[in-house]
Amino acid sequence: MTTKAFEGTFQGEKAVWLQAGRYEAAVLPEIGANLIAFRDTEKEYRFLREPAMDEMEVFKARPIVHGIPVLFPPNRYEDGKFPWQGKVYEFPINEPKTGNHLHGFVHNIPWAVEKFSADETESRVTLALRVREGHSVYTFLPHEFTIRLTYTLNAYGLHQHISVHNEGKEAMPCLIAYHTTINAPFAPNSQASDYGFKMTIGNRWKMSERMLPTGEFQPLSADEEKMKVGGLSPFFESMDNHYTTSPQNGRNYMELTDSREGIKLVYDVGTSYKQWMIWNNGASEGFFCPEPQMNLVNAPNVDFPADQIGLVSLEPGEIWEETGRLYTIELNK
């Protein structure tokens, strides 16, 4: 199997490319370490939504609905306020219609490429975001820490490893999500109607008009119950929904099945992610976003036990880490 890891470009932007047999992937270090492409080159599958050349300026202005953006801290915070251990951090209100802060500070800034390499069986790249006093992120989250992200490509697909290392002298919040943007269809000869999906959801949070959790759950519809077993179109209705996760058989995942091609894309995200967001752009066919998220939306402002809502604290010197994977399974084989 041929493997490569090399610096190149993607639509004119600096990229690190990985190749391993039939698969290739590209990450954009200068735009939030976004994994912008994951492809099966033999079957011409493009699993992630990629910006076209004429979409690049729009993408750079809002790098959220392509590839796999990293959100830290993710989702919405009421009035931009983030209370933490007796202090209240002030985040910019960047969603005027709700009066909230949205999606954190790391998805649209440069990360450093630490290393990339390939051997006989796989290719890999590691990127890091080191936050110290004077860094743009430190302005809002005044802690010294490093987020390190490694993507590995091999015959089994794409593997993701992320860690957060608290290198400061005080406990820090550790809240991460991915705004993962999955193509449906991802196969060139398929239609959106060929696709059904499954997610390991639990309960659905009831949200306010400001898209903040009320602290209550709302009943799942009959269609939402189908999400637990599969076969439901990812465009069955407009979704901007927030659920708890409910791992099945020890795994937390989304599966997207192309019945025409007879192939299943599996997005296994690890059980540290206690919440699922799912957004499908108003049920517009073409892509949807199954978003694994550590914490409940607005978690620091919600009066629930930290373990229940994924409000993770890292003490000085501690490291949090989790893995994920994107791979395919051929059906009827």
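Heavy-atom basis, side chains included; hydrogens, waters and symmetry copies ignored.
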- Task: Return the set of residues passing side-chain hydrogen bond (donor to acceptor under 3.5 Å, both in side chains) with Thr328 (not counting sequence neighbours), or none when no residue passes.
- Result: Tyr23
- Message: Is there a ring-ring contact (aromatic ring centres under 6.0 Å, His included) between His103 and His179? Walk through the geometry before answering.
- Response: CA-CA 9 Å; His103 289 335; His179 206 287; 5.3 Å; yes
- Task: Would you mind listing every side chain to side chain donor-acceptor pair (under 3.5 Å) that reaches into residues 299-310, with sequence neighbours excluded?
- Result: Asn298-Asn301
- Query: Does Tyr156 sit in a hydrophobic cluster with other residues, and if so which ones, taking ILVMFWY side chains as linked at heavy-atom separations under 4.5 Å, directly or through other members?
  - Reply: none
- Item | Under 3.5 Å: donor-acceptor pair, side chain of Asn281, backbone of Ser284 | no
- Is the closest side-chain heavy-atom distance between Trp205 and Gln275 below 4.5 Å? yes
- Query: Between Tyr77 and Leu102, does a side-chain contact (heavy atoms from CB on, under 4.5 Å) hold up when you go through it step by step?
  - Reply: CA-CA 7 Å; Tyr77 299 91; Leu102 179 66; over 6 Å; no
- Going through the checks in order, is the side-chain contact (heavy atoms from CB on, under 4.5 Å) test met by Thr150 and Gln160? CA-CA 6 Å; Thr150 298; Gln160 177 193 65; over 6 Å; no
- Query: Who pairs with Lys81 by side chain to side chain contact (heavy atoms under 4.5 Å, CB included), at least two apart in sequence or on another chain?
  - Reply: Asp79, Val88, Glu90
- Message: Quick check for you: to the nearest 0.5 Å, what is the distance between Tyr273 atom OH and Asn295 atom CG?
- Response: 11.0 Å
- Item | Side-chain donor-acceptor pair present, Thr200, Trp276, cut-off under 3.5 Å | yes
- Task: State, yes or no, whether a side-chain contact exists between Pro213 and Lys206 at a heavy-atom distance under 4.5 Å.
- Result: no
- Task: Check side-chain hydrogen bond (donor to acceptor under 3.5 Å, both in side chains) between Arg124 and all other residues, then give those that pass, not counting sequence neighbours.
- Result: Ser117, Asp119, Glu122
- So, for Val312 and Leu175, which heavy atoms are closest and what is the spacing to 0.1 Å? N-CD2, 3.8 Å
- Just jot down the ring-ring contact (aromatic ring centres under 6.0 Å, His included) partners of Tyr267, sequence neighbours excluded, or say none. none
- Taken in chain and number order and not counting sequence neighbours, the residues that satisfy ring-ring contact (aromatic ring centres under 6.0 Å, His included) with Phe105 are Phe91, His101, Phe140
- Can Lys198 and Val229 be said to form a side-chain contact (heavy atoms from CB on, under 4.5 Å), step by step? CA-CA 6 Å; Lys198 172 182 178 179; Val229 296; 5.7 Å; no
- Message: Taking the basic N atoms (NZ, or NE/NH1/NH2) and the acidic carboxylate oxygens, is any pair closer than 4.0 Å for Glu167 and Arg132?
- Response: yes
- Query: Is any side-chain heavy atom of Leu265 closer than 4.5 Å to a side-chain heavy atom of Phe186?
  - Reply: yes
- Taking atom types as modelled, is there a side-chain donor on Glu144 or Tyr138 under 3.5 Å from an acceptor on the other? no
- Message: I'd like to check the side-chain hydrogen bond (donor to acceptor under 3.5 Å, both in side chains) partners of Arg39; sequence neighbours left out, ordered by chain and number.
- Response: Glu24, Glu50
- Message: Testing the basics here: between Phe145 and Asn166, what is the closest heavy-atom pair and its distance to 0.1 Å?
- Response: CB-CA, 4.3 Å
- Item | Results of ring-ring contact (aromatic ring centres under 6.0 Å, His included) for Phe288 - residues two or more places apart only | Phe197
- Message: Filter on side chain to side chain donor-acceptor pair (under 3.5 Å), then keep only pairs touching residues 238-247, sequence neighbours left out; what's left?
- Response: Arg204-Asn241, Glu224-Tyr243, Asn241-Tyr243
Enumerate donor-acceptor pairs with a distance under 3.5 Å from any side-chain N or O in residues 56-71 to protein atoms, sequence neighbours excluded.
unit_1	atom_1	unit_2	atom_2	d
Glu57	OE2	Lys60	NZ	3.1
Lys60	NZ	Glu13	OE2	2.9
His66	NE2	Arg49	NH1	3.4

- Query: Is any side-chain N of the basic residue among Asp40 and Arg22 closer than 4.0 Å to the acidic one's carboxylate O?
  - Reply: yes
- CG-CG distance between Leu220 and Asn203, expressed to the nearest 0.5 angstrom: 6.5 Å
- Quick one: do the Thr271 and Asn252 side chains pair a donor with an acceptor below 3.5 Å? no
- Considering only heavy atoms from C-beta outward, does the side chain of Thr146 approach that of Val164 to under 4.5 Å? no
- Message: Distance check, rounded to the nearest 0.5 Å: Met254 atom CE versus Ile182 atom CD1?
- Response: 4.5 Å
- Query: Does any non-hydrogen side-chain atom of Leu149 lie less than 4.5 Å from one of Ser163?
  - Reply: no
- Identify whether the distance between the nearest side-chain nitrogen and carboxylate oxygen of Glu95 and Arg210 falls below 4.0 Å. no
- Message: Any non-hydrogen side-chain atom of Cys289 less than 4.5 Å from a side-chain atom of Met277?
- Response: no
- Item | Partners meeting ring-ring contact (aromatic ring centres under 6.0 Å, His included) with His161 (sequence neighbours left out) | none
- Item | SB check Lys87 Glu170 (cutoff 4.0 Å) | yes
